[in-house]
Peer 1: 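Okay, handing you the structure first.
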Amino acid sequence: MRIIIRKFDLVNIAKSVTGKSFSDIDNKNRLSKGKTKGIFGHVLEESLFNYDINSSSEPDFKDAQVELKVTPVKRNKNGSYSSKERLVLNIINFMSEHQYSFYDSSFWKKNKSLLLMFYLFEPEKSYEDYIILNSILYEYPIDDLPIIKNDYETIINRIKAGEAHLLSGKDTMYLEACPKGTSKTSVREQPFSNIKAMQRAYAFKSGYMTQIVRKYVMGKETNEKIIKDASILESQTFDDYVLSRIKNYIGDSVEALKEKFQVDSKAKNINAQLVSRILGVNNIAKSDEFLKANIKIKTIQQKESGTIKESMSFPAFEYTSIVNETWEESDLRDMFLTTKWLFVIFEKSHEKVHLSDAFFWTMPDEILESEVKSLWQDTVEKIKQGKIYHHTNSRGQRITHFLGSASTKVAHVRPHGLNKNDTYPLPVKEQTLGTYEYTKSCFWLNNSYIKEIILNRKKRA
DNA sequence: GCATGATCATGC
DNA sequence: GCATGATCATGC
């Protein structure tokens with residue numbers, strides 16, 4: 001007789017190992033056979049749930065229609081927790097998937113209910129000793145579903161347009177088509193083009209997974225939402241909705257907006273605060289949608305001449321970390337590959353600053369892999385050689401060897417800290433100064449490049 | 001008026 | 001106490 005396991009039972013079984021390590025659970029000695037991809041899933045399937053390992057288009061637990069996923073959580077330097085990576089789901093069959101609507105898709109059939117088991121990834125520990133943090137039955141929140149459906153449509157529409165080879169994680173918000181294969185040479189045929197496309201799988205982006213971790217594993221309260229009514233997204237995308245809300249205020253002065261929304265602050269991000277109010281939230285950067293989709297807001301001031309007032313800063317890098325990175329797995333490259341920005345332009349005219357434009361932007365791959373890459377390499381090389389300080393100018397400022405905006409087209413390196421005494425340690429001695437620390441620095445997008453982005457956008461429109 | 005080092009106000 | 005987003009200051 002076959003025993004039918006229900007969702008409720010599965011969650012209880014999963015929760016019974018909270019706080020245990022994989023070696024505690026592994027009674028079939030799978031861990032002793034060495035680490036392989038998916039080993040944690042295999043241990044739990046065999047030793048906790050007692051079923052045979054399979055790879056079928058059906059969910060792992062057929063009767064309950066639940067798919068088991070074991071996924072790592074990491075601890076950040078500031079003590080918070082994030083998902084260590086995206087959650088990869090089933091492979092997309094380009095040849096057939098385009099025939100289905102969302103609820104008939106392979107994505108929905110296999111993943112409509114997920115049993116998520118989170119473990120803590122700890123780099124200093126051996127993998128057998130990783131601990132299960134918690135387990136939950138994940139069924140999509142009603143507010144997330146319209147966005148996930150729109151993401152699905154976006155992926156399908158690219159396949160229908162014969163563009164499966166151009167699919168990119170940047171196309172979508174929560175659900176992405178991520179590369180899945182041993183290399184770029186893992187390609188498959190697509191139905192509406194002769195060009196072979198990289199094999200891809202559905203996946204939840206790491207930003208989406210991080211919010212699940214924070215809410216369901218760490219117990220953090222729900223984020224405020226920009227979309228107050230899920231039906232808004234039945235007729236438009238999230239991006240279009242956000243831009244249409246902002247466009248209602250184009251031409252308004254900062255003074256008028258401060259008055260209208262009763263915002264009074266000397267903070268340098270006052271313009272971002274105003275955009276938050278326009279979208280009906282306290283802090284757009286902390287909104288549910290921006291966090292889950294990894295969208296960041298940047299406000300930009302354009303002078304009457306058209307020049308952009310300031311270059312654009314990003315978080316400071318740590319000298320000791322960046323020298324241990326390769327470009328392929330660098331924080332900088334990862335940031336540009338996984339972040340989308342909402343640029344909001346404020347233009348100065350007639351002595352007043354007005355809201356003038358808003359659009360979403362991602363770093364083009366070809367720029368990332370040329371100009372940005374070479375700047376990163378130049379910077380890392382100089383840190384490795386301890387060749388940072390150049391000379392002190394007549395104002396007592398320390399001029400560096402890092403590439404400035406005068407010698408680059410897209411991005412440059414400049415200080416970014418509280419003051420010049422706000423430093424990070426150096427991996428090697430600074431050759432001229434003899435110190436083991438230097439003022440914090442970060443990568444900046446050149447204001448001239450930002451101007452170019454805005455011009456190109458106007459040309460296209 | 002630009003380029004670049006230095007710094008500020010805020011929030012967590 | 002520090003990260004962050006954004007801006008300030010001034011020699012050239």
Side-chain angles (χ1 to χ4, degrees), chain A residues 76-82 214 218 220-221 223-224 254 258 263-277 281-287 290-291 294-319 321 331-332 335 339 341-348 353 355 361 375 379 382 388-425 430 433 437-452:
Chain A
N76 303 314
K77 283 185 201 115
N78 65 10
S80 65
Y81 292 85
S82 296
R214 303 247 168 109
M218 305 303 158
K220 193 176 153 276
E221 58 186 299
N223 307 313
E224 55 176 352
V254 168
K258 281 168 83 171
V263 177
D264 189 25
S265 164
K266 284 179 187 155
K268 286 182 173 179
N269 70 348
I270 174 74
N271 290 351
Q273 289 183 30
L274 293 172
V275 177
S276 297
R277 295 302 188 284
V281 290
N282 282 311
N283 184 350
I284 189 174
K286 296 278 152 67
S287 69
F290 271 46
L291 287 170
N294 202 17
I295 303 170
K296 301 261 164 69
I297 183 173
K298 287 283 189 183
T299 58
I300 295 161
Q301 288 217 47
Q302 192 158 28
K303 296 196 273 189
E304 231 150 347
S305 61
T307 306
I308 305 303
K309 195 165 165 236
E310 305 286 349
S311 293
M312 186 181 284
S313 67
F314 296 98
F317 52 76
E318 292 187 48
Y319 301 110
S321 307
D331 285 349
L332 185 69
M335 177 184 77
T339 312
W341 283 272
L342 171 61
F343 283 177
V344 185
I345 318 296
F346 289 80
E347 203 173 338
K348 187 163 189 181
V353 180
L355 175 57
W361 179 83
L375 173 71
T379 305
K382 284 169 180 164
I388 298 173
Y389 171 81
H390 188 266
H391 71 281
T392 299
N393 70 12
S394 61
R395 295 166 65 198
Q397 297 172 324
R398 306 192 300 179
I399 307 293
T400 71
H401 281 290
F402 292 137
L403 298 181
S405 64
S407 57
T408 56
K409 210 178 104 212
V410 172
H412 64 278
V413 172
R414 248 168 65 204
H416 186 195
L418 283 169
N419 53 46
K420 70 175 176 184
N421 298 320
D422 188 14
T423 62
Y424 272 137
E430 209 298 315
L433 299 172
E437 55 173 2
Y438 202 81
T439 309
K440 290 176 185 172
S441 298
C442 78
F443 293 98
W444 299 68
L445 279 191
N446 295 2
N447 59 349
S448 58
Y449 179 61
I450 298 165
K451 183 178 177 180
E452 199 183 302

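Side-chain atoms are counted along with the backbone in the values below, which use heavy atoms only and exclude waters and symmetry mates. Each chain gets a letter, A, B and so on, in the order the sequences are listed, and its residues count up from 1.
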Peer 1: Using the heavy-atom set of chain A and a strict 4.0 Å cut-off, write down the first and last nucleotide of DNA chain B that makes it in, 5' to 3'.
Peer 2: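 The protein-touched segment is dC2(B) to dC12(B).
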Peer 1: State yes or no: are the ring centers of Y389(A) and Y438(A) separated by less than 6.0 Å?
Peer 2: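 Between Y438(A) and Y389(A), which both carry aromatic rings, the centre distance is not below 6.0 Å.
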Peer 1: What residues, two or more places apart in sequence or in another chain, satisfy salt bridge (charged side-chain N to carboxylate O under 4.0 Å, His left out) together with D331(A)?
Peer 2: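 D331(A) satisfies salt bridge (charged side-chain N to carboxylate O under 4.0 Å, His left out) with no other residue.
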Peer 1: Checking all strands, does I399(A) fall into the base, sugar-phosphate, or nothing category for heavy-atom contacts under 4.0 angstrom?
Peer 2: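 The residue I399(A) makes sugar-phosphate contact but no base contact.
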Peer 1: Answer yes or no: is there a side-chain heavy-atom contact under 4.5 Å between K258(A) and L274(A)?
Peer 2: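 Yes; the side chains approach each other to less than 4.5 Å.
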Peer 1: Given side chains that start at C-beta, do those of S80(A) and R214(A) come closer than 4.5 Å, heavy atoms only?
Peer 2: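 A side-chain contact under 4.5 Å exists here.
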Peer 1: Going by distance alone, is a donor N or O of one side chain under 3.5 Å from an acceptor N or O of the other, for S441(A) and Y319(A)?
Peer 2: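 Yes, a side-chain donor-acceptor pair sits under 3.5 Å.
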Peer 1: Near DNA chain C, under 4.0 Å by heavy atom, which residues of residues 296-314 of chain A?
Peer 2: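 Listed by number, they are K298(A), T299(A), Q301(A), K309(A), E310(A), S311(A), S313(A).
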Peer 1: Heavy atoms under 4.0 Å, any strand shown: does F346(A) hit a base, just sugar-phosphate, or nothing?
Peer 2: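 Touches nothing.
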Peer 1: Go through residues 400-417 of chain A and report each residue with a non-hydrogen atom lying under 4.0 Å from DNA chain C, sorted by number.
Peer 2: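 DNA chain C contact set from residues 400-417 of chain A: R414(A), H416(A).
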Peer 1: May I ask you to decide if the ring planes of W444(A) and H412(A) are parallel, tilted or perpendicular, using 30° and 60° as cut-offs?
Peer 2: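 Ring orientation, 0 to 90° scale: parallel.
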Peer 1: Excluding sequence neighbours, so at least two apart, what forms side-chain contact (heavy atoms from CB on, under 4.5 Å) with E310(A)?
Peer 2: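 Partners of E310(A) by the side-chain contact (heavy atoms from CB on, under 4.5 Å) criterion come out as none, since no residue qualifies.
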Peer 1: Aromatic rings W341(A) and F314(A): how do their planes relate, parallel, tilted or perpendicular, breaks at 30° and 60°?
Peer 2: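 Correct class here is perpendicular.
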Peer 1: Examine the side chains of T307(A) and N447(A) and answer whether a donor and an acceptor come within less than 3.5 Å of each other.
Peer 2: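 The answer is no; no qualifying pair exists.
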Peer 1: Output every pair passing salt bridge (Lys or Arg N to Asp or Glu O under 4.0 Å) with a member in residues 413-422 of chain A, not counting sequence neighbours, ordered by first then second residue.
Peer 2: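 Qualifying pairs, neighbours excluded: D422(A)-K440(A).
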